Amino acid sequence: MPEGHTVHRAARLQRELLAGSALAVDSPQGRFAEEAALLDGQRLESIEAYGKHLFYAFESGVYLHVHLGLFGKFRMGAGRAPEPRGAVRVRFQSERGWVTLSGPTACEILDASGRRSILARIGPDPLRPTDRPARAFARIAKSSTPIGALLMDQSVIAGIGNVYRAELLFRAGIAPQVPGRAVPRTALLELWRDARALLRAGERTGRIVTFRPRERHYVYNRTGKPCRTCATPIVSATMAARTVYWCPGCQH
DNA sequence: GTGGGATGGGCAA
DNA sequence: TGCCCCTCCCACA
């Protein structure tokens with residue numbers, strides 16, 4: 001479930017299990033074995049999430065950068081790690097608990113400048129309390145790109161993925177095809193606030209719920225089904241290389 | 001049992 | 001734009 005909320009939640013839970021401790025680090029799968037050996041025994045200073053990126057700061061000054069991509073998955077728990085399930089790229093063990101990572105798009109050691117260059121190319125993150133949306137609004141306000149593509153662009157806003165894109169636009173009543181510069185500033189502000197609220201809820205619960213606990217989504221993955229508000233069939237199309245869903249009755 | 005698609009993104013062309 | 005990465009899960013048999 002890797003959108004921004006998953007990554008921030010992972011950072012919070014893993015801090016409790018690992019931060020401040022010297023870690024045993026290995027790579028049961030073997031693909032990260034050399035790097036794991038460099039980290040093994042070091043104290044983990046902090047874990048920080050920016051959009052969909054995670055940075056683990058180690059005492060020697062290096063960072064482990066993780067991006068889950070579409071397939072990546074963390075497992076974690078208190079006590080001793082169980083036998084690895086599937087292909088585990090990297091495993092951490094502290095005196096309090098363990099974390100395993102499988103299937104990531106990125107799992108690499110970076111120095112401070114490598115970390116900075118990643119942070120320089122992502123936009124404000126609604127889950128970071130001090131981030132402000134002005135930069136994102138400026139990009140959107142002068143762009144002819146559809147708002148549905150801009151919301152997926154991590155250099156515009158960091159942390160929103162395909163589910164939140166569809167749900168945010170439905171809740172705002174905006175069709176995905178509307179050019180960025182045609183979206184009123186008041187609507188952008190409302191989108192930002194709603195993104196912050198929905199992502200925070202997702203961070204707390206670990207699930208994306210934008211409608212009701214049982215019927216979780218308004219439009220995402222509901223092609224052909226009746227709109228929960230107006231009963232018009234939900235439609236879908238490809239935008240920014242992913243399927244976008246919307247209600248032609250509610251979104252203009 | 002199994003095949004396709006999935007909540008991403010980098011890269012070549 | 002399409003391919004690849006390379007894992008999990010669910011719809012369908």
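Lettering of chains follows the sequences in order, A, B, ..., and the numbering in each one begins at 1. Please read all numbers here as calculations on a predicted model, not as lab measurements.
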Using a cut-off of 4.0 Å on non-hydrogen atoms, how would the nucleic acid contact of [X] be classed: base, sugar-phosphate, or nothing?
X: A:Tyr220; answer: sugar-phosphate
X: A:Arg165; answer: nothing
X: A:Glu167; answer: nothing
X: A:Gly161; answer: sugar-phosphate
X: A:Ala241; answer: nothing

Could you measure between the two [atom1] atoms, the one in [N] and the one in [M], and give it in whole Å?
N: B:dG1; M: C:dC6; atom1: P; answer: 27 Å
N: B:dG10; M: C:dC8; atom1: P; answer: 22 Å
N: C:dG2; M: B:dG5; atom1: P; answer: 15 Å

Spacing between [X] atom [atom1] and [N] atom [atom2], to the nearest angstrom:
X: A:Gln154; N: B:dG8; atom1: CD; atom2: P; answer: 8 Å
X: A:Leu101; N: C:dC8; atom1: CG; atom2: C1'; answer: 14 Å
X: A:Arg31; N: C:dT7; atom1: CZ; atom2: P; answer: 7 Å
X: A:Glu108; N: B:dG9; atom1: CD; atom2: C1'; answer: 13 Å
X: A:Met239; N: C:dT1; atom1: CE; atom2: P; answer: 11 Å
X: A:His65; N: B:dG8; atom1: NE2; atom2: C1'; answer: 12 Å
X: A:Phe74; N: C:dT7; atom1: CZ; atom2: C1'; answer: 14 Å
X: A:Ile122; N: B:dG8; atom1: CD1; atom2: P; answer: 15 Å

Within the structure, does a side-chain N or O atom of [X] lie under 4.0 Å from either OP1 or OP2 of [N]?
X: A:Arg242; N: B:dG8; value: yes
X: A:His67; N: B:dG9; value: yes
X: A:Gln29; N: C:dT7; value: yes
X: A:Lys73; N: C:dC9; value: yes

Legend entry - base_contact_polar (B:dG9 base, A:Thr105 side chain, donor-acceptor, <3.5 Å): no

Legend entry - More than 12 heavy atoms from other groups under 6.0 Å of CZ on A:Arg85: no

Short side-chain donor-acceptor distance under 3.5 Å, [Y] and [X]:
X: A:Gln14; Y: A:Tyr56; value: yes
X: A:Ser21; Y: A:Arg43; value: no
X: A:Arg115; Y: A:Tyr50; value: yes

Legend entry - Of the listed nucleotides C:dC8, B:dT7, C:dC6, the one nearest the side chain of A:Arg75: C:dC8

Legend entry - Donor-acceptor under 3.5 Å (A:Gln29 side chain, A:Ala87 main chain):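 It does not hold such a pair.
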
Inset, instruction - Scan every strand shown for a Watson-Crick or G-U wobble partner of B:dA6, both distances under 3.5 Å, and answer none if you come up empty. - result: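 Answer to the pairing question: C:dT7, which forms a Watson-Crick or G-U pair with B:dA6.
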
Inset, instruction - Write down the atom of A:Ala195, the atom of A:Ile160, and the distance for their closest heavy-atom approach. - result: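 Smallest heavy-atom distance, with atoms named: CB-CD1, 4.3 Å.
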
